[in-house]
Q: 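Just dropping this structure here.
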Amino acid sequence: MKLFNLLLNILWLVFCGLWMAIGYVIAALICFVLIITIPFGIASLRIAGFVLWPFGRTTVERPGAGAGSFVGNVIWVVFAGWWLALAHLITSIPLFLSIIGIPFGWANLKLIPVSLMPLGREVVSTDQGFGGR
């Protein structure tokens, strides 16, 4: 399974991941420039790493994330999350049109929730995310 994930991740990186990660890095840079939004920039960079190599990994709620993460996520959705989620949705459509692209279309859809609400989440391996904790 790890070899299959490696193959999917390499193909994803070449055809999808690099472009989507650039969007997250741009969002992070904007957040860093505005200084008060640095926590959003850190979350955006965390997601950029996930977007570069998504197969074999997932996101889980971070223990102890509370009201601050919720409020931050609401702000994130308004200013950055909606267009990142829209980019995932739009790029998934042509991927679903070919049989080979279906796994990549699903990966794009899997990234929509974390693109909308990144605060209070962490990226873990799928083994750890589904009961390894």
Side-chain angles (χ1 to χ4, degrees):
M1 189 63 160
K2 292 200 185 274
L3 183 61
F4 185 64
N5 284 340
L6 176 66
L7 177 62
L8 286 173
N9 278 320
I10 290 170
L11 291 171
W12 169 267
L13 179 67
V14 171
F15 294 112
C16 306
L18 183 62
W19 312 114
M20 296 305 296
I22 288 170
Y24 284 100
V25 169
I26 290 169
L29 292 174
I30 292 169
C31 290
F32 291 146
V33 167
L34 297 174
I35 298 174
I36 197 166
T37 55
I38 288 175
F40 300 109
I42 293 168
S44 186
L45 287 179
R46 184 175 52 248
I47 299 168
F50 182 41
V51 168
L52 281 174
W53 209 256
F55 293 95
R57 300 192 310 166
T58 189
T59 61
V60 295
E61 286 189 38
R62 188 172 34 99
S69 292
F70 176 76
V71 171
N73 280 328
V74 170
I75 295 168
W76 174 265
V77 166
V78 171
F79 291 105
W82 69 270
W83 62 267
L84 291 167
L86 183 64
H88 284 296
L89 181 64
I90 290 170
T91 57
S92 72
I93 293 168
L95 291 168
F96 278 118
L97 296 178
S98 71
I99 293 174
I100 294 171
I102 291 173
F104 304 117
W106 280 118
N108 258 316
L109 294 181
K110 176 178 100 169
L111 292 164
I112 289 174
V114 74
S115 71
L116 286 171
M117 304 234 176
L119 300 175
R121 303 203 60 83
E122 61 184 318
V123 178
V124 296
S125 72
T126 51
D127 298 335
Q128 194 176 6
F130 296 118
R133 246 184 190 206

Q: Please find the pair of heavy atoms, one from Ala87 and one from Met20, that lie closest to each other, and give the distance.
A: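 Heavy-atom minimum between the residues: CB-CE, 3.7 Å.
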Q: Output every pair passing side-chain hydrogen bond (donor to acceptor under 3.5 Å, both in side chains) with a member in residues 94-120, not counting sequence neighbours, ordered by first then second residue.
A: His88-Asn108, Thr91-Asn108
Q: Could you work out, with side-chain contact (heavy atoms from CB on, under 4.5 Å) as the rule, every residue matching Trp83, not counting sequence neighbours?
A: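 Applying side-chain contact (heavy atoms from CB on, under 4.5 Å) to Trp83 gives Ala27, Ala80.
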Q: Do Trp82 and Val114 belong to the same hydrophobic cluster, where Ile, Leu, Val, Met, Phe, Trp and Tyr are linked whenever their side-chain heavy atoms lie under 4.5 Å apart, directly or via other members?
A: yes
Q: Over all heavy atoms of both residues, which pair between Phe96 and Gly105 is shortest? Give the atoms and the distance, please.
A: CZ-C, 3.4 Å
Q: Kindly compute the distance separating CG (Leu97) from OG (Ser92), expressed to the nearest 0.5 Å.
A: 9.5 Å
Q: Answer yes if Trp12 and Phe15 sit in the same cluster of Ile, Leu, Val, Met, Phe, Trp and Tyr residues linked by side chain heavy atoms under 4.5 Å apart, and no otherwise.
A: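 Yes, one cluster joins them.
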Q: Can you tell me how far CZ of Phe4 sits from CG of Asn9, rounded to the nearest 0.5 angstrom?
A: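 These two atoms lie 10.5 Å from each other.
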Q: Linking directly or through intermediates, with side-chain heavy atoms under 4.5 Å: list the remaining ILVMFWY members grouped with Ile93, chain and number order.
A: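 None; Ile93 is a cluster of one.
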Q: Looking only at heavy atoms, what is the nearest atom pair of Val14 and Trp19, with distance?
A: O-NE1, 3.9 Å
Q: Using the side chain to side chain contact (heavy atoms under 4.5 Å, CB included) rule, take Ser69 and Arg62 through it: C-alpha gap first, then chi angles, then the decisive distance, then the call.
A: CA-CA 10 Å; Ser69 292; Arg62 188 172 34 99; 3.8 Å; yes
Q: Provide the full list of ring-ring contact (aromatic ring centres under 6.0 Å, His included) pairs with a residue in residues 33-78, sequence neighbours left out, each pair given once.
A: Phe55-Phe104
Q: So do Phe79 and Leu34 actually touch side chain to side chain, heavy atoms under 4.5 Å?
A: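 No, every pair of side-chain atoms sits at 4.5 Å or beyond.
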Q: Could you grab the distance from atom CG of Leu116 to atom CG of Leu111, nearest 0.5 Å is fine?
A: 11.0 Å
Q: To the nearest 0.5 Å, tell me how far Leu95 CG sits from Ile100 CD1.
A: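 Going from the CG atom of Leu95 to the CD1 atom of Ile100 covers 11.5 Å.
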Q: Find out if a path of hydrophobic residues (ILVMFWY) with successive side-chain heavy-atom gaps under 4.5 Å connects Val51 to Leu7.
A: yes
Q: Identify the heavy atoms of Ala28 and Gly41 that sit nearest to each other, and give their distance.
A: CB-O, 3.5 Å
Q: Just verifying a value: how many Å separate Leu89 CG and Leu84 CG, rounded to the nearest 0.5 Å?
A: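 One gets 12.5 Å once the value is rounded to the nearest 0.5 Å.
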Q: Do Tyr24 and Ile90 sit in the same hydrophobic cluster, where Ile, Leu, Val, Met, Phe, Trp and Tyr count as joined when their side-chain heavy atoms come under 4.5 Å apart?
A: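 Yes; tracing contacts between hydrophobic side chains, which count when under 4.5 Å, links both residues.
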Q: Give every residue pair that meets the side-chain hydrogen bond (donor to acceptor under 3.5 Å, both in side chains) criterion with at least one member in residues 38-50, sequence neighbours excluded.
A: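 side-chain hydrogen bond (donor to acceptor under 3.5 Å, both in side chains) check on residues 38-50 returns no pairs.
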Q: Are Val77 and Val71 connected into the same hydrophobic cluster when the rule is that any two of I, L, V, M, F, W, Y join if their side-chain heavy atoms are below 4.5 Å apart?
A: no
Q: State the CG-CD1 distance between Leu119 and Ile47, to the nearest 0.5 angstrom.
A: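 That separation rounds to 8.0 Å.
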Q: Can you sort out the partners of Arg121 under side-chain hydrogen bond (donor to acceptor under 3.5 Å, both in side chains), two or more places apart, ordered by chain and number?
A: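 For Arg121, the residues satisfying side-chain hydrogen bond (donor to acceptor under 3.5 Å, both in side chains) (neighbours in sequence not counted) are Thr59.
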Q: Which residues, ordered by chain and number, are linked to Ile42 in its hydrophobic cluster, where ILVMFWY side chains connect at heavy-atom gaps below 4.5 Å, directly or through other members?
A: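 Hydrophobic cluster check, Ile42: joined to Val25, Leu29, Phe32, Ile35, Ile38, Leu45.
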